[in-house]
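Below is one structure, written out as structure tokens, with a few remarks after it.
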Amino acid sequence: MAAVAAAAGTFARRMARSGVLFPRSSPQVWPQAARQPPGLLPAQRRAFSNNKILVELDTSSGVATMKFKSPPVNSLSLDFLTEFCISLEKLENDRACRGLIITSAIPRVFSSGLDITEMCGKSTEHYAEFWRAVQEMWIRLYGSNLVTVAAINGSSPAGGCLIALSCDYRIMVENPKYVIGLNEAQLGIVAPFWFKDTFVNAVGHRAAERSLQLGLLHSVPEAHRMGLVDEVVPEEKLQEKAVAVMAQWLALPDHARQLTKSMMRKTFRTLSSSHPKTPSRSHFQRTWRC
Ligand SMILES: CCCCC/C=C/C(=O)SCCNC(=O)CCNC(=O)[C@H](O)C(C)(C)COP(=O)(O)OP(=O)(O)OC[C@H]1O[C@@H](n2cnc3c(N)ncnc32)[C@H](O)[C@@H]1OP(=O)(O)O
């Protein structure tokens, strides 16, 4: 058994070096933090923060929590996306980190999606930079070697829904006011194909087709029924549930889980190799009538 695990670990490392795996981070195979018996040492915590995002890493469990804290609604501005990618990269490069819980520190909103003000009245260069940042965020999160759990404690339209969809598991707080979905069509715009593919992967083709064409924002029970979220919990149970789910996923050997994730998320490679063009300036102007 030990020999099989060692051989699989070597294979995983070779695959990572050959570029077959996601290129940005190599798999972490049974890091020290995971083998440490719980309770022997007091929990070790590290934190870093910028003005958009707070990250706390518990090195005894290997689990980091990323909290969005960009008022009023955690919109995905260029600054936010840049900070997000930097924070994620730091965690990917930290051998003590194996899992990431993403949640919001802003009441009632997980993320309102792409920042609309970034797509109005700006230069062509700005649109290009912004669009690259949107793609980069998705490529990094969807392709992350970490176990990623979205703890969705508020509404999550459009780009906010994409962040949740890019995680391995979604838990949402039950609240009749919260909604989630890709509502682009309602706004008169089209969700890019990689938003669509990520959505289809979660809910299946028929449900995605109907939801995307109608630009639906789903209530929490509806999102649960269609598989857009995996679990629904009361607000006070969210953190506990996210930690429990994370423990279940982290109980597996990293290399096997990571290779399986890589295999399942093939569209990642399509986007990173074809790198779709930035929508033109006139496209943004027509879209937002600005
Ligand atoms: C061109 C190709 C693009 C294709 C892909 C596009 C993807 C996207 O993500 S587009 C963005 C889509 N997002 C939305 O449709 C969300 C719109 N917002 C809401 O539904 C709500 O704001 C809410 C549910 C997220 C929160 O509701 P509530 O708590 O009631 O807050 P308010 O609506 O009063 O908003 C407060 C404040 O925030 C501004 N704001 C909201 N969303 C955005 C945003 N996405 N970008 C920038 N700013 C946003 C809103 O205008 C309010 O501002 P003030 O009026 O100045 O207070």
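The first residue in the sequence is number 1, and the count goes up from there. Just so you know, ligand 1 is whichever comes first in the structure, and atom 1 is the first atom listed for that ligand.
- The shortest non-hydrogen separation linking I101 to A151 is CG2-CB, 4.0 Å.
- Using a 4.0 Å heavy-atom cutoff, P72 is listed among the residues neighbouring ligand 1.
- Contacts between L187 and ligand 1 below 4.0 angstrom, taking non-hydrogen atoms only, involve the side chain exclusively.
- Which parts of ligand 1 touch G113 is read off a 4.0 Å heavy-atom cut-off, strictly below it: atoms 9 (O).
- Close approach to G159 involves these atoms of ligand 1, each under 4.0 Å from a residue heavy atom: 8 (C), 9 (O).
- Distances from atom 12 (C) of ligand 1 to the heavy atoms of G215, S111, S156, A158 put A158 nearest.
- Using modelled atom types, no side-chain atom of N183 and backbone atom of L217 make a donor-acceptor pair closer than 3.5 Å.
- Inspection of the H224 and E174 side chains reveals no N or O donor paired with an N or O acceptor under 3.5 Å.
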**Candidate pair N50 and S87, rule side-chain contact (heavy atoms from CB on, under 4.5 Å), full reasoning** = CA-CA 9 Å; N50 51 61; S87 302; 3.8 Å; yes
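- With atom 22 (O) of ligand 1 as the reference point, the heavy atom nearest to it among I163, V134, V73, L76 is part of V73.
- Residue V109 touches ligand 1 through its side chain alone, judged by heavy-atom distances below 4.0 Å.
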**Request:** Could you please spell out the steps behind the side-chain hydrogen bond (donor to acceptor under 3.5 Å, both in side chains) verdict for S77 and D79?
**Result:** CA-CA 5 Å; S77 62; D79 283 352; 5.4 Å; no
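- Every residue two or more places apart in sequence or in another chain was checked for a salt bridge (Lys or Arg N to Asp or Glu O under 4.0 Å) with K196, and none qualifies.
- At least one heavy atom of E184 sits less than 4.0 Å from an atom of ligand 1.
- Distance check: S70 OG to L54 CG gives 13.0 Å after rounding to the nearest 0.5 Å.
- Of the polar atoms of R108, none of the N or O atoms is found under 3.5 Å from an N or O of ligand 1, judged by distance alone.
- For atom 45 (N) of ligand 1, the nearest non-hydrogen atom from the set L114, D115, V179 belongs to L114.
- In summary, the atoms of ligand 1 found under 4.0 Å from a heavy atom of P157, numbered by their order in the structure, are 16 (C).
- Every N/O-N/O distance between V190 and ligand 1 stays at or above 3.5 Å.
- The shortest N or O to N or O distance between T117 and ligand 1 is not under 3.5 Å.
- For S104 (side chain) and N153 (main-chain N/O), no donor-acceptor pair under 3.5 Å exists by modelled atom type.
- Residue contacts with ligand 1 for L162 are absent, since no atom lies close enough (heavy atoms, distance under 4.0 Å).
- Using a 30° and 60° split on the angle between ring planes, W194 and W138 fall in the tilted class, from 30° to 60°.
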